Structure formats: C-alpha cells, structure tokens
Amino acid sequence: MNGFDSAEADYDAAMSRFKKLHSTTTELNDTYHLTFEEDQSEHIIDDYNYPLQKKDVITPSVVHRQEMSNSMSWIVVMAKVFQDINLRTSDTLVHVGSGDGRWLMEAAVRHGCQCVGVDTSHASEYRCGMKAHERGISDLIEYEIVDTLLEADLSSATAVLISSVNGTNLEMKALREKLESEVESLTPIVVIGGQEIIGWFPQKTHKHRGVPIYIYLRRTQVP
C-alpha cells in the first residue's frame, strides 16, 4: 500500500469513528443548527468539521482536530489576509505547510488563482484533493509532498504562505535564505503562526485566537 492509499484508508477509518461518536448527539443549539445549515449550503463548511454540540465542545479526533478552527472567524481572517496582499486571479499562491488546504480553498474560491500546497503528509494531500473535488476547484489546486518543507519549490510563486514556522536559528536562517534566493523581493509572504522571519520587518501583523500572522509585502531589514 503506497502512502496515498494508506492516507485514504486512515481517513475513512477516522471518519467512521467520528460519525459513530456523534451519531447520538442531541439537543442542538438552534442558532448553531441554523448557521451550520446556511454555511453548508454555501460550501463554507461540510458536515464533519463543524462543532455540533450545544456548548461548542467536541472531543478531538484524527479527522477534525484542526477542522474545529475552521470557523467563520477564520474565514474572515483569510479574506483579510488575501486583501492585505492584494491576491489576484493571475497569481500563483504557494502554501508551505498547507495541511488540509483550507487557505488554498479560500484563495481558489474567492480569487480564482492557481494554488499549490506543500506538505510532508499524504493524509493532508488526500484530504485537500477530496475537498477540492467536492467544491469543483480541482483545476486550481495542486499539491506537492516533500521530505522537509525547506524542499518546497517556490520558483513559480507570486504569493507565499508559510504555516507554523518554528525552528533553530540555523533553520530560520536557511528559510530566509531560501526565500531570498527563490522569491522576488516584492512577492508578498505571509507567515501564519510560529516565528517571524529573522532579520525581516513585517509591514502588517494580525493575531487571531492567539495565532500571530506576519505579512511581508516587501523585504525590509530590521533596523
């Protein structure tokens, strides 16, 4: 069984556990239920990634541990970031550490640009591909599996997202050198979570649910 087939099997098993866990869920909050139905009809969420219980608390599972953060508030943050970097239909957005591709999905749906996800997980690749197919945007989504995120090909990027950057000073220096050698100086770079890029000064910053977001619209050295 190759990595992709294994990821598909793991996903199906996790989905089965999730559905069994919540098959007896009762007493939905009316407001949540209404929001859930509306969001689902707009393809913002799907039926396994939304907090269904009255107190908005679910025991995390393999399937939706990350999905619980995919709330409307995060959708708003994504829209704000894409506005900040002036994302265009003609852009190629590369997301290093893209996970299940939620940022890619929003960029593709909202702006119609080409989106490339890069990660080390076949499970993430499968989930991203499945969701892109369900939303009819497979032609806008590509996915690259690498051994380490520093192997990501950034040569085609006109906008870059990087998630959860944490590492030693040497690793952070290697990331900065990679960006400087492969990405044009005016290409917007967004770091979601983790550390700032050592030696660079972000032009904009946001913080949502304790997660910092650093936006570099141009390379400015820290004074």
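If you read the sequence from its start, that first residue is 1, and numbering goes on from there. Small disclaimer: the values here were computed from a predicted structure and weren't measured.
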Next item on the list: Go through the steps for Leu175 and Leu150 under the test side-chain contact (heavy atoms from CB on, under 4.5 Å), then give the verdict.
Entry: CA-CA 7 Å; Leu175 173 63; Leu150 284 176; 4.1 Å; yes
Notebook entry, point to check: Would Asp119 and Ser121 satisfy side chain to side chain donor-acceptor pair (under 3.5 Å), going step by step from the backbone distance to the final call?
Noted result: CA-CA 6 Å; Asp119 213 303; Ser121 167; 5.5 Å; no
Note to self: For a side-chain contact (heavy atoms from CB on, under 4.5 Å) check, start with the C-alpha distance between Val211 and Val77, then their side-chain angles and the critical distance, and finish with the verdict.
What the structure shows: CA-CA 11 Å; Val211 178; Val77 170; over 6 Å; no
Next item on the list: Show your working on side-chain contact (heavy atoms from CB on, under 4.5 Å) between Ile189 and Trp200 and close with a plain yes or no.
Entry: CA-CA 11 Å; Ile189 297 169; Trp200 289 8; 3.7 Å; yes
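Using a distance-only test at 3.5 Å, with no hydrogens or angles considered, a donor-acceptor pair links the side chain of Thr89 to the main chain of His111. With hydrogens and angles ignored, the 3.5 Å screen pairs a side-chain donor or acceptor of Asp153 with a backbone N or O of Ser155. Under the 3.5 Å distance criterion, the side-chain polar atoms of Gln203 are matched with a main-chain donor or acceptor of Arg218. Looking at Ser163, its side chain never comes within 3.5 Å of a backbone N or O of Ser98 through a donor-acceptor pair.
Contact between Leu217 and Pro188 at its shortest, heavy atoms only, is CD2-CB, 4.3 Å. The heavy-atom pair separating Val118 from Ala152 by the smallest distance is CG1-CB, 3.6 Å. The two residues Gly194 and Pro212 come nearest to each other via the heavy atoms O-CG, 3.9 Å. A pairwise comparison of heavy atoms in Ser156 and Thr92 identifies O-CB, 3.5 Å as the closest pair. Taking every heavy atom of both residues into account, Gly97 and Leu149 meet most closely at N-CD2, 3.9 Å.
When side chains are defined from C-beta on, His206 counts as touching Asp84, because their heavy atoms get closer than 4.5 Å. Val96 is listed as a side-chain neighbour of Leu154, based on a closest heavy-atom distance under 4.5 Å. Under the 4.5 Å side-chain criterion, counting only non-hydrogen atoms from C-beta, Arg219 is in contact with Val183. Counting only heavy atoms from C-beta outward, the side chains of Lys131 and Asp100 approach each other to under 4.5 Å. The shortest distance between side-chain heavy atoms of Cys115 and His95 does not fall below 4.5 Å. Taking the side chain as every heavy atom from C-beta outward, Pro202 and Ile215 never approach each other to under 4.5 Å. Side chains of Ile192 and Val81 form no contact here, defined as non-hydrogen atoms less than 4.5 Å apart. In this structure, Thr148 and Thr120 have side chains that are not in contact, with every pair of non-hydrogen atoms separated by 4.5 Å or more.
Applying the salt bridge (charged side-chain N to carboxylate O under 4.0 Å, His left out) rule to Glu144 yields no partners; only residues at least two apart in sequence or on another chain are considered.
Note that CD1 of Ile197 and CD of Glu180 are 9.0 Å apart. Values are rounded to the nearest 0.5 Å. To the nearest 0.5 Å, the span separating NZ on Lys204 from NZ on Lys80 amounts to 5.5 Å. Atom CD of Glu106 is separated from atom CZ of Phe82 by 7.0 Å, given to the nearest 0.5 angstrom. In this structure, SG on Cys113 lies 4.0 Å from CG on Leu87, to the nearest 0.5 angstrom. If you take CE on Met78 and CG on Leu104, they are separated by 9.5 Å, rounding to the nearest 0.5 Å. The distance from the CD1 atom of Ile141 to the CG atom of Leu93 is 8.5 Å, given to the nearest 0.5 Å.
Here Tyr143 is tied into one hydrophobic group with Ile145, each link being a pair of ILVMFWY side chains closer than 4.5 Å.
Residue-environment remark: CG (Asp147) stays at or below the threshold of 12 foreign heavy atoms within 6.0 Å.
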